[in-house]
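Scroll down for the structure; my scribbles are underneath it.
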Protein chains: 2
Amino acid sequence: MPEYDHPATESLTLLGVLRGLADPIRLEIVFHLGSVPEATCASLLGSRPRSSMSHHFQVLRESGLLRTRIQGVQHFNSLRRADLDFRFPGLMDAVLAARPHEASAGTL
Amino acid sequence: MPEYDHPATESLTLLGVLRGLADPIRLEIVFHLGSVPEATCASLLGSRPRSSMSHHFQVLRESGLLRTRIQGVQHFNSLRRADLDFRFPGLMDAVLAARPHEASAGTL
DNA sequence: GATATAGTTCGATGAAAGTCGAATTAAACC
DNA sequence: GGTTTAATTCGACTTTCATCGAACTATATC
């Protein structure tokens, strides 16, 4: 398993990004990644089953919201901030600024 | 049928708004409403069945994206720009700025 | 090589959401 | 009151999407 392929910046679509964001768990992941440079899957797991999370990471990757860097057994995920800002200026700023305090799935 | 009730500005949620936007037809409607003060349902119909569109208007209304004003037999829809800007500053600016030229369902 | 660790893929299930014809409401107009 | 117009509601169908256990892959370590 060498690396994932991530969609090119130019090929990101607004609809795709909005779809990626339109789920409570994924939004939570995005909020978290908005506050740290990168995070492993495990660190975002909470009490949810791995397979569910893996699915959400895939959706986020395919919609262009995050990039996954593989190092050893660990997958380091980071927001594609620069790419998103370039393609959809102001969007992630607005989304991240709207983060509720103590965002914990229920408060979204 | 006097009037619809629209959710209060304070009760709008980011997730709700994102969900409202995460559909090609609804995004098209929102784009259109971003460029005109208001529009009747009929004027946004295109070639789609009325019942489908009615459903999308309902979703947009319930997520707080638009307001429907009834006048006679016609329903005038407008973006809740001020409310959205107040609650989620910059969000709609970013979304509307990302509108593809000639947005026509396929190009979203 | 065996084992542990991190994460994915598969496949089945269930729930949510979009589609659309037919019936319905409500106002406007003759 | 009957008809036209604008749009909704209902209900059935279909599709899409999330959930999650079990099996699997790949790396690291002993």
Side-chain angles (χ1 to χ4, degrees), chain A residues 1-6 13 15-30 32-33 36 38-78 105-106 108, chain B residues 1-6 13 15-30 32-33 36 38-78 105-106 108:
Chain A
M1 189 173 286
E3 234 182 62
Y4 288 105
D5 41 299
H6 299 85
T13 67
L15 186 58
V17 169
L18 292 171
R19 282 215 165 111
L21 294 169
D23 174 275
I25 296 185
R26 291 198 292 270
L27 195 50
E28 212 183 326
I29 294 174
V30 166
H32 186 91
L33 289 179
V36 297
E38 51 183 10
T40 62
C41 300
S43 76
L44 292 160
L45 211 54
S47 61
R48 301 172 202 288
R50 289 177 130 67
S51 53
S52 300
M53 293 307 268
S54 211
H55 163 69
H56 288 302
F57 283 116
Q58 183 184 349
V59 173
L60 288 170
R61 219 158 27 229
E62 291 177 348
S63 63
L65 278 159
L66 63 78
R67 169 167 285 125
T68 306
R69 172 177 76 84
I70 302 181
Q71 191 177 41
V73 280
Q74 299 189 98
H75 293 200
F76 289 92
N77 303 286
S78 57
L108 299 174
Chain B
M1 188 173 288
E3 234 181 64
Y4 288 105
D5 41 299
H6 300 85
T13 66
L15 187 58
V17 169
L18 292 171
R19 281 217 167 108
L21 295 169
D23 174 277
I25 295 185
R26 290 197 294 268
L27 196 49
E28 212 182 325
I29 293 174
V30 167
H32 186 92
L33 289 179
V36 298
E38 53 183 8
T40 63
C41 300
S43 75
L44 292 161
L45 210 56
S47 61
R48 302 173 201 287
R50 289 180 130 70
S51 51
S52 301
M53 292 307 269
S54 210
H55 163 69
H56 288 301
F57 283 118
Q58 184 184 348
V59 173
L60 288 169
R61 219 156 28 227
E62 291 177 348
S63 62
L65 278 158
L66 63 77
R67 169 167 285 125
T68 307
R69 173 176 74 84
I70 302 181
Q71 191 176 43
V73 278
Q74 298 188 98
H75 293 200
F76 289 92
N77 302 286
S78 56
L108 300 176

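Within every chain, numbering begins at 1; the chains are lettered A, B, ... in the order of the sequence lines, protein sequences first and strands thereafter.
When the C1' atom of C:dA17 is taken as reference, atom CG of A:L18 falls 17 Å away, rounded to whole Å. Atoms CZ (A:R50) and C1' (C:dA4) sit 12 Å apart, rounded to a whole Å. Atom pair A:Q74:CD and D:dT27:P shows a separation of 14 Å (rounding to whole Å applied). In this structure, the NE2 atom of B:H75 is 17 Å from the P atom of D:dT5, given to the nearest Å. With rounding to whole Å, A:L27 atom CG is found 17 Å from D:dC17 atom C1'. Counting to the nearest Å, the P atom of C:dA26 and the CZ atom of B:R69 are 20 Å from each other. In this structure, A:E62 places its CD atom 13 Å from C1' of D:dC17, rounding to the nearest Å. A:L44 has its CG atom 13 Å from the C1' atom of C:dG7, to the nearest Å.
Position along DNA chain D of the nearest nucleotide to A:Q71 versus B:T40 favours B:T40 as the more 5'-ward residue.
Rounding to the nearest 0.5 Å places CG of A:L21 at 12.0 Å from CZ of B:R19.
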Scan nucleotides 18-22 of chain C against the protein and return all N/O pairs shorter than 3.5 Å with their distances rounded to 0.1 Å.
from, atom 1, to, atom 2, distance (Å)
C:dG18, OP1, B:R26, NH1, 2.9
C:dG18, OP1, B:R26, NH2, 2.8
C:dG18, OP2, B:H55, NE2, 3.0
C:dT19, OP2, B:H56, NE2, 2.6
C:dG21, N7, B:S51, OG, 3.1
C:dG21, O6, B:S51, OG, 3.1

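Contact between the side-chain N/O atoms of B:R61 and the OP1/OP2 oxygens of D:dT8 is found at a separation under 4.0 Å.
Shown here are the side-chain contact (heavy atoms from CB on, under 4.5 Å) partners of A:T68, two or more places apart in sequence or in another chain: A:Y4, A:H6, A:R61, A:L66, A:H75, A:N77. Scanning for side-chain contact (heavy atoms from CB on, under 4.5 Å) contacts around A:V59 gives A:R26, A:H55, with sequence neighbours left out. B:V73 pairs by the side-chain contact (heavy atoms from CB on, under 4.5 Å) definition with nothing, not counting sequence neighbours. By the side-chain contact (heavy atoms from CB on, under 4.5 Å) test, B:Q74 pairs with B:T40, B:F76, sequence neighbours left out. Applying the salt bridge (Lys or Arg N to Asp or Glu O under 4.0 Å) rule to B:E38 yields the partners B:R69; only residues at least two apart in sequence or on another chain are considered.
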